[in-house]
Amino acid sequence: MLQIQTIRENPTEVIERLSIKNFDAKEIIHNILSLDTQIRQLKKQLDENLMEQGKIAKSIGLLYKEGKRAEADELKLKTAELKNSEKDIQAELSDKDGKINELMVLMPNMPHSSVPRGKSAADNEVVYEEGDASNFNYDALPHWDLVKKYDIIDFELGCKITGAGFPIYKGKGAKMQRALINFFLNSASENGYTEIQPPYMVNENSAYATGQLPDKEGQMYHANLDNFYLIPTAEVPVTNIYRDVILKSTDFPIQNCAYSACFRREAGSYGKDVRGLNRLHQFDKVEIVQIEHPDRSYETLENMKLYAMSLLQRLGLPFHVLRLCGGDMSFTSALTYDLEVYSKAQQKWLEVSSVSNFESFQANRLKLRFKDENGKMRLAHTLNGSALALPRVMAALLENNQTPDGIIVPEVLRPYTGFDIIN
RNA sequence: GGAGAGAUGGCCGAGUGGUCGAAGGCGCACGCCUGGAAAGUGUGUAAACGCCGAAAGCGUUUCAAGGGUUCGAAUCCCUUUCUCUCCGCCA
């Protein structure tokens with residue numbers, strides 16, 4: 001959520017910057033500002049009313065002590081009046097508060113100045129490329145055929161047990177998966193991240209604080225009986241560790257990483273995009289989360305991007321890095337880099353990581369603050385990224401490393417797998 | 001799941017209807033003391049929001065959360081959440 005002060009102080013700048021995200025904020029800001037003025041007036045009235053009541057209550061106490069019952073009773077009548085008008089003000093205030101809040105949560109985060117204008121994924125800017133992204137000159141098998149050939153991932157069996165999008169990993173497939181998780185977690189630790197094992201279900205407050213609610217309610221699995229949500233990413237529980245927290249400026253940077261299974265309903269997805277491992281309802285991911293001083297958050301974003309890139313380099317996968325355009329960015333992000341690997345058999349780019357700086361947008365809802373050098377309370381900046389999401393990495397490894405003899409396991413994974421070929 | 005006890009500031013802990021944002025202690029910050037430190041000693045020690053150009057100042061709110069009783073609630077009542085103890089169940 002944006003801060004009301006920002007909107008109050010620079011409404012035209014906010015409108016201008018949100019237009020890069022193709023969001024027309026003119027009317028909504030006009031309404032917010034008008035509600036804001038009314039709210040502040042009401043607040044003032046309420047404060048005065050309450051002050052009056054408090055004063056009267058005190059003098060009643062004194063009068064009783066002195067035994068002046070009649071005078072006290074007279075004052076009581078006065079409070080009754082005040083209470084009535086308090087009720088009115090209160091009602092109006094909560095009505096307006098509700099309205100302004102409804103509008104505030106509709107406003108996306110403002111994009112960073114480097115974010116290009118654009119409507120869709122086609123307008124994203126390629127900022128880096130590495131590796132051989134050419135296609136095989138023979139008929140390479142897509143991963144959904146390879147996994148059958150070597151019996152390492154079973155989609156049909158997953159359908160039987162749960163449903164589409166819940167594959168079952170078997171034998172070397174399961175071991176590969178575990179090897180990737182361990183490789184990613186160990187690398188993160190070596191790079192200064194503290195490993196966290198979070199809960200896979202969160203309560204309503206947590207889902208709200210990181211912005212999944214009220215926005216993406218239908219995208220999360222919901223355990224009705226207890227009103228818990230299955231996490232769509234470890235970002236949710238890990239970032240919520242810092243909900244309602246006040247940090248010291250010496251606490252920065254906070255670097256956490258977490259492996260978790262992620263659960264997404266992916267309502268509305270269909271077709272080729274969901275084939276095989278490309279889009280699942282349950283998948284594994286290692287997430288990195290940082291909390292930074294506002295002055296250093298963009299430097300940190302670059303480092304996180306470089307770190308995610310280093311994983312792909314070590315796995316030997318061809319990839320490129322995109323700076324997302326305004327139209328393709330998430331609601332909460334100020335700047336996002338996507339990392340995509342090239343899958344030679346499918347002949348397409350697959351997103352395996354998304355690294356974002358949310359600036360203070362999440363921190364505002366989280367109430368994640370710190371005391372700065374001058375002792376002033378300020379919102380911290382939050383950042384996160386996938387390092388990495390497993391299924392598409394797996395898909396690309398299977399497809400790109402296939403040979404007539406089997407699938408070659410990358411060097412860096414062999415200590416974790418205990419084998420060097422899947423055949 | 002059953003029975004009971006509890007939730008107070010950064011932490012410990014007092015407070016069972018009025019002047020309580022809350023005693024006392026610890027911690028922390030600054031000062032004095034000291035050659036330097038420790039000890040000692042003095043002062044201070046929350047957040048949100050509003051009034052205000054800013055600061056100062058003032059006001060309101062906050063004793064788990066929400067509701068209620070009352071002129072007045074940390075204190076009484078109800079609901080919820082969480083913690084602890086005992087029993088049951090269980091990896």
Side-chain angles (χ1 to χ4, degrees), chain A residues 1-11 32-101 103-104 197-209 213 222-229 237 240-252 254 360 362-380:
Chain A
M1 198 154 61
L2 292 173
Q3 293 181 81
I4 183 79
Q5 297 95 298
T6 314
I7 297 170
R8 221 183 264 156
E9 284 159 23
N10 322 295
I32 285 172
L33 289 177
S34 130
L35 281 166
D36 182 49
T37 319
Q38 294 172 54
I39 285 168
R40 281 192 284 170
Q41 258 164 14
L42 287 167
K43 189 99 204 330
K44 202 177 155 190
Q45 283 175 38
L46 182 67
D47 283 359
E48 280 164 3
N49 180 304
L50 289 172
M51 179 175 67
E52 198 59 32
Q53 286 193 47
K55 275 186 185 161
I56 292 175
K58 265 179 198 165
S59 41
I60 288 177
L62 289 173
L63 289 171
Y64 269 130
K65 256 179 203 160
E66 294 165 23
K68 298 176 180 167
R69 270 207 96 89
E71 279 181 55
D73 288 343
E74 207 172 301
L75 281 177
K76 279 193 197 177
L77 293 174
K78 215 168 164 186
T79 358
E81 269 173 52
L82 285 168
K83 280 202 143 181
N84 270 333
S85 61
E86 184 203 330
K87 240 183 211 164
D88 292 345
I89 300 169
Q90 208 83 265
E92 206 178 335
L93 196 56
S94 73
D95 174 57
K96 302 241 147 100
D97 261 335
K99 277 186 183 150
I100 202 169
N101 204 38
L103 296 178
M104 289 296 290
Q197 269 199 33
Y200 289 2
M201 291 192 189
V202 295
N203 59 32
E204 225 179 336
N205 283 341
S206 296
Y208 178 79
L213 292 178
H222 184 217
N224 283 320
L225 219 50
D226 299 287
N227 197 21
F228 292 152
Y229 292 89
N240 266 284
I241 294 172
Y242 301 94
R243 170 150 50 89
D244 291 319
V245 165
I246 297 171
L247 298 166
K248 296 189 282 270
S249 53
T250 49
D251 291 336
F252 297 124
I254 289 175
S360 60
Q362 274 187 335
N364 193 27
R365 273 208 210 175
L366 287 165
K367 295 211 181 63
L368 165 53
R369 293 164 297 174
F370 71 102
K371 256 195 181 129
D372 74 4
E373 304 67 35
N374 308 316
K376 260 191 91 174
M377 281 295 195
R378 293 171 63 187
L379 292 171

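Reminder, nothing fancy here: chain letters follow the sequence lines and each chain counts from 1. Here the structure is a predicted model, which means the values were calculated and not measured.
For the side chain to side chain contact (heavy atoms under 4.5 Å, CB included) test, residues two or more places apart in sequence or in another chain that qualify with A:Lys371 are A:Met377. For A:Asn203, the side-chain hydrogen bond (donor to acceptor under 3.5 Å, both in side chains) partners are A:Ser206, not counting sequence neighbours. Taking the side chain to side chain contact (heavy atoms under 4.5 Å, CB included) definition, one finds that A:Ala209 meets it with A:Asn240, A:Arg243, A:Leu366, sequence neighbours left out.
Between B:C12 and B:G2, the two C1' atoms lie 33 Å apart (nearest whole Å). Remark: the separation of the P atoms in B:U8 and B:C33 is 41 Å, to the nearest Å. Of the C1' atoms belonging to B:C20 and B:U62, the separation is 13 Å, rounded to the nearest Å. The gap from the C1' atom of B:U69 to that of B:C11 amounts to 34 Å, rounded to the nearest Å. Rounded to the nearest Å, the gap between the P atom of B:C78 and that of B:G4 is 13 Å. Using atom C1' as the reference point in both B:G17 and B:C82, the two lie 27 Å apart (nearest Å). Comparing the C1' positions of B:G21 and B:U60 gives an interatomic distance of 13 Å, to the nearest angstrom. Separating the C1' atom of B:U81 from that of B:G67 is a span of 15 Å, rounded to the nearest Å.
In this structure, NZ of A:Lys55 is placed 11 Å from C1' of B:C58, rounded to the nearest angstrom. The CD atom of A:Glu9 sits 12 Å away from the C1' atom of B:G53 (whole-angstrom rounding). Nucleotide B:A48 holds its P atom 13 Å from the CG atom of A:Leu368, rounded to whole Å. Rounded to an integer number of Å, the gap from CZ of A:Arg40 to P of B:A48 is 17 Å. With rounding to whole Å, A:Met377 atom CE is found 11 Å from B:C49 atom P. For the pair A:Ile39 CD1 and B:A48 C1', the computed distance is 15 Å after rounding to whole Å. When rounded to the nearest whole Å, the span between CG of A:Leu93 and P of B:G50 equals 12 Å. One can place CG of A:Asp36 at 11 Å from C1' of B:C49, the figure rounded to the nearest angstrom.
With hydrogens and angles ignored, the 3.5 Å screen pairs a side-chain donor or acceptor of A:Ser59 with a backbone N or O of A:Lys55. Between the side chain of A:Asp244 and the main chain of A:Lys367, no donor-acceptor pair closer than 3.5 Å is present.
Note: A:Asn101 CG to A:Met104 CE = 8.0 Å, rounded to the nearest 0.5 Å. Between the CG atom of A:Leu35 and the CZ atom of A:Arg40 there is a distance of 12.0 Å, given to the nearest 0.5 Å.
At the phosphate of B:A47, neither OP1 nor OP2 sits under 4.0 Å from any side-chain N or O atom of A:Arg369.
Both A:Ile4 and A:Ile246 lie near RNA chain B, and the one whose nearest nucleotide falls closer to the 5' end is A:Ile246. If A:Lys44 and A:Leu62 are placed on RNA chain B by their nearest nucleotide, the residue sitting closer to the 5' end is A:Leu62.
A:Arg8 comes within 4.0 angstrom of sugar-phosphate atoms only, judged by non-hydrogen atoms across all strands, and of no base. Using a 4.0 Å heavy-atom cutoff across all strands shown, A:Lys371 reaches sugar-phosphate atoms only and no base atom.
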Please tabulate, for side-chain N and O atoms in residues 73-83 of chain A, each donor-acceptor pair with protein atoms closer than 3.5 Å (sequence neighbours left out).
residue, atom, partner, partner atom, Å
A:Lys76, NZ, A:Tyr64, OH, 3.0
A:Thr79, OG1, A:Leu75, O, 3.1
A:Thr79, OG1, A:Lys76, O, 2.9

### Query
Just by protein heavy atoms under 4.0 Å, how would nucleotides 59-84 of chain B read 5' to 3' in B, S and -?
BS----------BS------------
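Cation-pi geometry between A:Arg378 and A:Phe370 is not met: the NZ or CZ atom fails to fall both under 6.0 Å from the ring centre and inside 45° of the normal.
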### Query
Pairing of RNA chain B as dot-bracket, 5' to 3': ( ) intra-strand, [ ] crossing, | other strand, . unpaired, with Watson-Crick or G-U pairs under 3.5 Å?
((((((((.[[[..)..(.....]]]((((((.......))))))((((((.....)))))).[[[[[..)....]]]]])))))))....
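By the 6.0 Å contact criterion, NZ on A:Lys99 is open, its count of non-hydrogen atoms from other residues, nucleotides or ligands being 12 or less. Atom CD of A:Gln197 has 12 or fewer heavy atoms from other residues, nucleotides or ligands within 6.0 Å.
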